[in-house]
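Each remark here refers to the structure printed beneath this line.
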Amino acid sequence: MTATPAEVTDAVYADAAKHFSEAQLVELAATAAMENYRARLNRAFLVEAQGFYKPGGGTA
């Protein structure tokens, strides 16, 4: 879904539908679309990472 143009084949949808309800698929697609939008907006405005993510750091 994050490719341009966004295309999901019938086979991919059928496989996903085995694991998720229709409502869950809608939410999953909406979340992917929102994250894609946000990433493109950040790139357009040269927004850089703030360094909050620390791989392997865990939480206290």
Side-chain angles (χ1 to χ4, degrees):
M1 186 171 155
T2 58
T4 301
E7 293 181 8
V8 177
T9 65
D10 290 341
V12 169
Y13 183 86
D15 190 41
K18 293 176 187 174
H19 305 281
F20 301 101
S21 69
E22 188 171 337
Q24 290 172 322
L25 288 171
V26 169
E27 186 171 349
L28 183 61
T31 301
M34 179 189 68
E35 288 299 325
N36 190 33
Y37 168 80
R38 190 175 59 84
R40 289 174 185 242
L41 186 73
N42 287 347
R43 179 169 286 190
F45 287 99
L46 304 176
V47 176
E48 296 184 12
Q50 301 299 303
F52 295 120
Y53 174 69
K54 304 286 188 220
T59 58

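Please read these numbers as outputs of a predicted model, since none were measured by experiment. Residues take their numbers from the sequence shown, with the count starting at 1.
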- Do side-chain atoms of E35 reach the backbone of A33 as a donor and acceptor pair under 3.5 angstrom? no
- For Q50 and E48, work out which heavy atoms get closest and say how close. NE2-O, 2.9 Å
- Task: Determine the minimum heavy-atom distance between Q24 and H19, stating which atoms define it.
- Result: OE1-O, 4.4 Å
- Message: Testing the basics here: between L25 and A17, what is the closest heavy-atom pair and its distance to 0.1 Å?
- Response: CD1-CA, 4.0 Å
- Do V26 and M34 share a hydrophobic cluster, counting only Ile, Leu, Val, Met, Phe, Trp and Tyr and linking them when any side-chain heavy atoms are less than 4.5 Å apart? no
- When every non-hydrogen atom of V8 is compared with those of Y13, the smallest separation belongs to CG1-N, 4.0 Å
- Atom CG of D15: over 12 foreign heavy atoms under 6.0 Å: yes
